[in-house]
Amino acid sequence: MEKHFKRTTITSALPYANGPVHIGHLAGVYVPADIYARYLRLKGRECIFIGGSDEHGVPVTIRARKEGITVQEVVDRYHNLIKDSFERFGISFDVYSRTTSPTHHKLASDFFRKLYDEGKFIEQVSEQFYDEQTGHFLTDRNIRGECPRCHAPEAYGDQCEVCGATLSPEELINPYNAETGNPLVKKPTKHWYLPLDKDQQWLEKWILEDHKEWRSNVYGQCKSWLDGGLHPRAVTRDLDWGIPVPIEGAEGKVLYVWFDAPIGYISNTKELCDANPEKFGPWEKWWKDPETRLVHFIGKDNIVFHCIVFPAMLKAHGDYILPDNVPSNEFLNLEGNKISTSKNYAVWLNEYLDELPGRQDELRYVLTANAPETKDNDFTWDDFQARCNNELVAVYGNFVNRALQLTQKYYEGQVPACGELNAYDKETLAEFCDVKARLEQLLEGFKFREAQKEAMNLARIGNKYIADCEPWKVVKTDPERVKTIIYLSLQITANLAIAFEPFLPFSSKRLREMIALDTFSWEDLGRTDILPAGKQLPKPELLFTKIEDDVVAAQKKKLEDTLKANAEAAYKAAPVKPTVSFEDFEKLDIRVGLVKSCEKVKKSKKLLKFILDDGSGKDRTILSGIAQWYEPERLVGKRVLFIANFAPRQMMGEESQGMILSAVNFNGDLSVTTTIDDVRGGSQVG
RNA sequence: CGCGGGGUAGAGCAGUUGGUAGCUCGUCAGGCUCAUAACCUGGAGGUCGCCCGUUCGAGUCGGGCUCCCGCAACCA
């Protein structure tokens, strides 16, 4: 379905203002979006590139309470930090605003109000858990209580992490506020829902039939949601941080973040256009003109919001265009582990910029070369070093240096005149002439990894050309011929500067300075007369320098250290529970059991099946969710502590007759408790 | 059996409509010496996660199994 668009609106997922940006965000969203934006601008196409911080929602309020500062201070700090890092990294947003801006509050409010007035929402009152002391309703994840299945004391409102059961808050025994520990009561509250079920039909046609070209991860995720049938989704929340619901009687309620955040793209566009009307025109043309192409760059966790919920909102509003494509990347891992903001395990952009100054393009290159376009990929510092040194330095930088050094050596830095082309020259030119077409095809198809490789291929062609032509030999016998060789090598160099501009803007700029190329455009790509004969070039310098071992070693060590330090810091002994009487304690019959056998339970990730000698003469079977931490063989012959009079229960089709005691370490690891001395099975503990 | 994506040389990835399995890095050998010990050429290295089926022919199509990641649960 080839459509012709006049202009393009590019959005990139709004980073959440509760922490700095890390390489996962960059690889997933901002680097590809920036490449695309730079490419379109270089082509002279009309486009805007929208970014901004998402500053509403629950996590920022939690962070503020933890640090003892105001929510505003939290979002200010991270908004400024993120904005500054993006600028230094060369992410070329046309606007980077925030969802706490007055423009956004008004626009999001009006958006909601219009849908409300036109009866696009469903109103529904439901019973929610409420903390009377803090005056807050709680989300599922912030409610804890006793698990109805395994009776672990700290199950979450959505899941018990001990037995793995999927729960709803209603099932928990004695629910309490995870943060404050206060008991909870049920209280009715009214909310507004977007009836997505009514959008089912057109969404199915729009995505499944009209957008088969979307990436398979995006298309598949959407199909799965559509196949499962869409349900109404709440668009409001009981919170005091956010955009107030603009309806009378809705005090204390705000717009749900996923409702307000995508509208932020529109608000930020409006801010941009209002500030530069002569350059960008009215904001509406970027969002309401069917000749505008809307493209959302996001990570895979955001697919459903951008492909189903937000389009449904836009459609309900009526005036807006829908996204034409939603290129979504998978996730980037770091040294084999998941990147995690909460666990502080990441390479933070602001720290990278400080610690490896002037190395923006190196990171951009590696993140694109290893971009998780089709599946999760791994970032390692060794790979970073290898790619920088073996590809950027050895292939690209070295070719440029060869061409420029030879020009200095033979012609005092003047571009020589081109003589007659021989067959080999023509063959080489033929190879690099269609680089432009291939690059365009790949970039338009959002295949940035492949596209960058294609640009790098230009440098490979150049290296091969110089090596095959051997100008350092030919100069002794046929100096005229050498002029042509160097001339063509310089033209390839100029082409490199253009081809790499979207990917590596910093080094492209330096390279253009080295070859005194003031004006250029994408259309020059493939030309062999970009640098005119006789042009004087300045003294060359190195385009890239090597990444030394100690730099990489320091980064690796830092990661390991922060990982350890944060795990230790996160540890805090839980407060002691209320006093119990001796009689209460006596009710528990804790005993020693000798492990006769232990094996994994089939089809289960977490469960181990123990057969214990409990001194009764009969075997006792106990299932325990510790498979993650123990090889079953290691436990055979050990003495473990278990609760003997625990009510038996069924798990994975087996009956478990008791509970094996283990200690939970600060990092969540389990350690089965055992006795030091050889005590007989069945001995009582007390 | 909740849903989606993925499993292809030592590492990272491509493989378009089924027809001799490719690329980058690493590795080994050779060449070159203008260049940041860089560059060029060639070689070795794969039962395409496992099993069954369709077909003259399967990495590719269908079925079953298995492992990793994500979503549902506000980290891209």
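So that the names make sense, note that chain A is the first sequence line, chain B the second, and so on, each numbered from 1.
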**Prompt:** With sugar-phosphate meaning primed atoms plus P, OP1 and OP2, does A:G220 contact a base, only sugar-phosphate, or nothing at under 4.0 Å between heavy atoms?
**Reply:** sugar-phosphate
**Message:** As a test of reading the structure: which of B:C75, B:C25, B:G4 is closest to the side chain of A:A386, going by heavy atoms?
**Reply:** B:C25
**Request:** Determine the contact category for A:I339: base if any of its heavy atoms lies under 4.0 Å from a base atom, sugar-phosphate if only primed atoms, P, OP1 or OP2 are that close, otherwise nothing.
**Result:** base
**Request:** Using the C1' atom on both, measure B:A44 against B:A9 and round to a whole Å.
**Result:** 10 Å
**Request:** Using the C1' atoms only, state how far B:A72 lies from B:G5, rounded to an integer number of Å.
**Result:** 15 Å
**Request:** Report yes or no: does A:E55 contribute a side-chain atom to a donor-acceptor pair with the main-chain N or O of A:T99 at less than 3.5 Å?
**Result:** no
**Spacing between A:R438 atom CZ and B:A14 atom P, to the nearest angstrom** = 19 Å
**Prompt:** Given that A:D378 and A:Y219 both sit by RNA chain B, which one's nearest nucleotide is further toward the 5' end?
**Reply:** A:Y219
**Item:** Pairwise P distance for B:G45 and B:G22, with rounding to whole Å
**Value:** 14 Å
**Message:** Within the 4.5 Å heavy-atom criterion, are A:L442 and A:Q452 side-chain neighbours or not?
**Reply:** no
**Item:** Whole-Å distance separating the CH2 atom of A:W214 from the P atom of B:G4
**Value:** 17 Å
**Request:** Please confirm whether A:H22 and A:F379 have ring centers closer than 6.0 angstrom.
**Result:** no
**Message:** Assess the residue pair A:K473 and A:E470 against the criterion (salt bridge (Lys or Arg N to Asp or Glu O under 4.0 Å)); give the C-alpha distance rounded to whole Å, side-chain angles, the decisive distance to 0.1 Å, and a yes or no.
**Reply:** CA-CA 6 Å; A:K473 274 189 189 166; A:E470 300 181 304; 3.3 Å; yes
**Asked** Can the ring centres of A:Y365 and A:F503 be said to be less than 6.0 Å apart?
**Response** no
**Asked** So what does A:H56 touch, heavy atoms closer than 4.0 Å: a base, only the sugar-phosphate, or nothing?
**Response** nothing
**Asked** Using the benzene-type ring in the case of Trp, are the ring centres of A:F310 and A:F305 under 6.0 Å apart?
**Response** no
**Message:** Does A:S328 reach a base, just sugar-phosphate, or nothing at all? Heavy atoms under 4.0 Å.
**Reply:** nothing
**Prompt:** Between atom CD in A:Q221 and atom P in B:G6, what is the gap in whole Å?
**Reply:** 12 Å
**Trace of the side chain to side chain contact (heavy atoms under 4.5 Å, CB included) decision for A:I466 with A:W472** = CA-CA 9 Å; A:I466 291 190; A:W472 50 91; 3.7 Å; yes
**Item:** Integer angstrom distance from the C1' of B:G12 to that of B:G46
**Value:** 16 Å
**Asked** Who are the salt bridge (Lys or Arg N to Asp or Glu O under 4.0 Å) partners of A:E454, not counting sequence neighbours?
**Response** A:R438
**Closest to the A:E391 side chain, choosing from B:U24, B:G70, B:C75** = B:U24
**Request:** Taking atom P in both B:C68 and B:C74, compute the distance separating them and give it to the nearest angstrom.
**Result:** 24 Å
**Asked** Can you tell me how far C1' in B:A11 sits from the matching atom in B:U16, rounded to whole Å?
**Response** 26 Å
**Prompt:** Between A:I303 (CD1) and B:G5 (C1'), how many Å, whole number?
**Reply:** 9 Å
**Contacts of type ring-ring contact (aromatic ring centres under 6.0 Å, His included), residue A:Y256, not counting sequence neighbours** = A:W258
Under 3.5 Å, side-chain donor or acceptor atoms of residues 395-406 of chain A against the rest of the protein: list the pairs with distances, not counting sequence neighbours.
from   : atom 1 : to     : atom 2 : distance (Å)
A:N401 : OD1    : A:Q405 : NE2    : 3.3
A:R402 : NH1    : A:N463 : OD1    : 2.9

**Message:** Checking A:H56 against A:L239 for the side chain to side chain contact (heavy atoms under 4.5 Å, CB included) test, could you report, in this order, the C-alpha distance in whole Å, the side-chain angles of both residues, the deciding distance, and whether it holds?
**Reply:** CA-CA 10 Å; A:H56 294 132; A:L239 264 185; over 6 Å; no
**Request:** Would you indicate whether the side-chain heavy atoms of A:L356 and A:E362 approach each other to under 4.5 Å?
**Result:** no
**Asked** Whole Å only: how far is the CZ atom of A:F384 from the P atom of B:U24?
**Response** 22 Å
**Fill in**
When rounded to whole Å, the CD1 to P distance for the pair A:I308 and B:C3 reads 16 Å
**Complete:** Expected string for nucleotides 32-41 of chain B under the B/S/- scheme (protein heavy atoms, under 4.0 Å, primed atoms plus P, OP1, OP2 as sugar-phosphate) is SSBBB-SSSS
**Message:** Between B:G43 and B:A21, how far apart are the two P atoms, rounded to whole Å?
**Reply:** 16 Å
**Asked** With sugar-phosphate meaning primed atoms plus P, OP1 and OP2, does A:Y256 contact a base, only sugar-phosphate, or nothing at under 4.0 Å between heavy atoms?
**Response** base
**Prompt:** B:G2 P sits how many Å from A:L230 CG, rounded?
**Reply:** 21 Å
**Item:** Separation of B:G5 C1' from A:W225 CH2 (nearest whole Å)
**Value:** 16 Å
**Message:** In this structure, which stretches of RNA chain B are paired as stems of three or more consecutive Watson-Crick or G-U pairs, both distances less than 3.5 Å?
**Reply:** B:2-7 with B:66-71, B:10-13 with B:22-25, B:27-31 with B:39-43, B:49-53 with B:61-65
**Asked** Can you tell me how far the CG atom of A:L334 sits from the CD1 atom of A:I23, to the nearest 0.5 Å?
**Response** 5.0 Å
**Asked** Does anything in residues 449-458 of chain A reach RNA chain B, meaning a heavy atom under 4.0 Å, and if so which residues?
**Response** A:R449, A:K453
**Message:** Over all strands shown, is A:N302 touching base, sugar-phosphate only, or nothing at heavy-atom distances under 4.0 angstrom?
**Reply:** sugar-phosphate
**Request:** Please answer whether the main-chain N or O of A:V218 pairs with a side-chain N or O of A:S328 as donor and acceptor at a distance below 3.5 Å.
**Result:** no
**Separation of the P atoms in B:G57 and B:C40, to the nearest angstrom** = 43 Å
